[in-house]
There are 2 protein chains.
Amino acid sequence: MRRKTSQRSAIEHVFRQQDRAMGIDEILSYGRELVPSLNQATVYRYLKLLLEKGRVKQISHPSLGTLYELAGKTHHHHFHCHACNRLFNLPGCALNEKKAAPEGFVVEDHEVFLFGVCPACAGA
Amino acid sequence: MRRKTSQRSAIEHVFRQQDRAMGIDEILSYGRELVPSLNQATVYRYLKLLLEKGRVKQISHPSLGTLYELAGKTHHHHFHCHACNRLFNLPGCALNEKKAAPEGFVVEDHEVFLFGVCPACAGA
DNA sequence: GTCGTTGCAAAGCCTTTGCAGGGAA
DNA sequence: TTCCCTGCAAAGGCTTTGCAACGAC
């Protein structure tokens with residue numbers, strides 16, 4: 001049976017509060033504001049569980065490493081600004097999933113990464 | 001100055017021969033067929049160099065790890081079959097890059113991952 | 001009282017780095 | 001001969017795991 005603990009509540013709270021993709025280190029440090037004893041291993045273990053349940057999504061980024069975000073949000077993509085190194089959520093979807101793969105391929109999900117410069121950095 | 005060595009030729013040969021995204025382990029084992037002494041560190045170092053020169057692209061995949069492929073090929077996306085765990089190259093681009101990001105964002109490149117089942121696995 | 005969960009530390013990957021020897025130019 | 005490149009081994013990150021204590025139910 002699955003048990004509710006302060007550690008798990010804290011991790012979930014962090015996701016709802018931040019509402020963005022985060023790395024383990026961020027989740028850990030925000031979580032420790034609520035439960036100071038919170039351990040890395042606990043975060044990894046609970047995230048693995050949430051991944052299996054489909055409650056969070058995992059994102060792999062070449063330079064930002066592994067990030068996690070809540071699943072079930074409105075569909076969006078990610079934009080990485082290589083100037084300020086921040087990750088942005090972009091609403092909507094400019095991908096035609098029907099045309100994305102040839103006949104025969106069953107497309108269940110997709111992930112789009114955009115690389116470039118954000119408005120703030122482009123203006124500066 | 002940059003020097004041409006048998007190790008580097010071997011690595012380049014592997015890329016041209018396989019013509020697909022590969023992990024370090026694959027590059028290493030194919031490369032060792034040509035240069036048995038080929039070392040992991042050498043592969044990592046040369047790939048880093050090729051990345052900086054823009055001759056190869058790096059791909060981060062949640063379950064497949066870090067993959068490398070030659071840059072400069074015709075634009076394509078990647079499809080990961082979670083049944084056979086293989087990665088496919090899909091020709092073309094169903095992404096409308098102009099609509100992909102709001103005004104102000106400067107989009108320089110993008111990467112699309114599709115997840116699902118490939119024709120072979122779907123038919124079985 | 002059970003047994004799932006946690007913290008700690010050790011162990012496991014993957015990747016990078018220091019160093020001395022080797023080889024391309 | 002010069003000095004870049006390589007192999008080896010050690011070191012560095014990130015992630016997982018074993019184990020005993022803890023705590024939700």
Side-chain angles (χ1 to χ4, degrees), chain A residues 1-15 18 20-69 80 85 87 113, chain B residues 1-15 20-69 78 80 85 87 113:
Chain A
M1 188 211 299
R2 191 161 139 208
R3 288 174 184 172
K4 185 148 194 77
T5 64
S6 60
Q7 288 86 343
R8 294 185 171 193
S9 299
I11 292 170
E12 287 174 21
H13 179 84
V14 170
F15 273 114
Q18 295 297 321
R20 61 190 175 85
M22 289 173 290
I24 290 286
D25 53 328
E26 291 179 288
I27 299 171
L28 188 61
S29 57
Y30 285 122
R32 279 183 173 159
E33 293 174 4
L34 301 169
V35 179
S37 72
L38 184 60
N39 190 280
Q40 231 182 17
T42 302
V43 176
Y44 275 110
R45 276 188 285 233
Y46 191 42
L47 283 176
K48 190 176 181 182
L49 212 163
L50 291 173
L51 273 174
E52 286 164 3
K53 302 230 174 226
R55 304 242 290 106
V56 303
K57 279 186 140 186
Q58 189 178 29
I59 303 164
S60 288
H61 190 282
S63 60
L64 300 177
T66 305
L67 304 173
Y68 299 85
E69 70 179 353
H80 179 223
N85 214 35
L87 194 70
F113 265 118
Chain B
M1 186 212 301
R2 191 160 139 208
R3 289 177 184 171
K4 185 149 195 77
T5 64
S6 60
Q7 289 86 343
R8 295 186 169 191
S9 299
I11 293 169
E12 287 174 20
H13 178 83
V14 170
F15 273 114
R20 61 189 175 87
M22 290 173 289
I24 290 286
D25 53 330
E26 291 179 287
I27 298 170
L28 188 60
S29 57
Y30 284 121
R32 279 183 172 158
E33 294 175 3
L34 300 170
V35 180
S37 71
L38 184 60
N39 189 280
Q40 229 180 19
T42 302
V43 176
Y44 275 110
R45 276 187 285 232
Y46 192 43
L47 282 176
K48 191 177 182 182
L49 213 163
L50 291 174
L51 272 173
E52 287 164 3
K53 302 230 173 224
R55 303 242 290 107
V56 303
K57 281 186 136 185
Q58 189 178 29
I59 303 166
S60 288
H61 190 281
S63 61
L64 301 176
T66 305
L67 304 173
Y68 300 84
E69 68 179 355
H78 297 101
H80 179 221
N85 214 38
L87 193 70
F113 265 119

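We find that CZ of B:R32 is positioned 9 Å from P of D:dG7, with the value rounded to whole Å. Between B:Q7 atom CD and C:dG22 atom C1' there is a gap of 10 Å when expressed in whole angstrom units. In this structure, B:H61 atom NE2 and C:dC14 atom P are separated by 16 Å, rounded to whole Å. We find that CD of A:Q58 is positioned 8 Å from P of D:dT16, with the value rounded to whole Å. Atom pair A:L49:CG and C:dG4:C1' shows a separation of 11 Å (rounding to whole Å applied). In this entry the distance linking CG of B:L50 with C1' of D:dC5 reads 14 Å, nearest Å. Here the P atom of nucleotide D:dG18 and the OH atom of A:Y44 are 17 Å apart, to the nearest Å. Rounding to whole angstrom units, OH of residue B:Y46 and P of C:dT16 are separated by 17 Å.
In this model, the phosphate group of D:dT16 is not approached by any side-chain N or O of A:R45 to a distance below 4.0 Å at OP1 or OP2. Of the side-chain N and O atoms in A:R8, one or more sit less than 4.0 angstrom from OP1 or OP2 of C:dT6. Of the side-chain N and O atoms in A:N39, none sit less than 4.0 angstrom from OP1 or OP2 of C:dT6. Note on B:T66: a side-chain N or O is less than 4.0 Å away from OP1 or OP2 of C:dT15.
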Scan nucleotides 22-25 of chain D against the protein and return all N/O pairs shorter than 3.5 Å with their distances rounded to 0.1 Å.
unit_1	atom_1	unit_2	atom_2	d
D:dG23	N2	A:R3	NH1	2.4
D:dA24	N3	A:R3	NH1	3.4

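Annotation: the span from B:H13 atom NE2 to B:E33 atom CD amounts to 9.0 Å, rounded to 0.5 Å. Atom CD1 in A:I11 sits 7.5 Å away from atom CG in A:L50 (nearest 0.5 Å). One distance of note links CE of B:M22 with CG of B:L87; it measures 11.5 Å at 0.5 Å rounding. Atom CG of B:L38 and atom OH of B:Y46 lie 12.0 Å apart (nearest 0.5 Å). To the nearest 0.5 Å, atoms OH (A:Y44) and OH (A:Y68) are separated by 6.5 Å.
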Candidate pair A:F113 and A:H61, rule ring-ring contact (aromatic ring centres under 6.0 Å, His included), full reasoning | CA-CA 9 Å; A:F113 265 118; A:H61 190 282; 5.1 Å; yes
Please step through side-chain contact (heavy atoms from CB on, under 4.5 Å) for the pair B:R8 and B:R2, ending with a clear verdict.
-> CA-CA 11 Å; B:R8 295 186 169 191; B:R2 191 160 139 208; 3.5 Å; yes
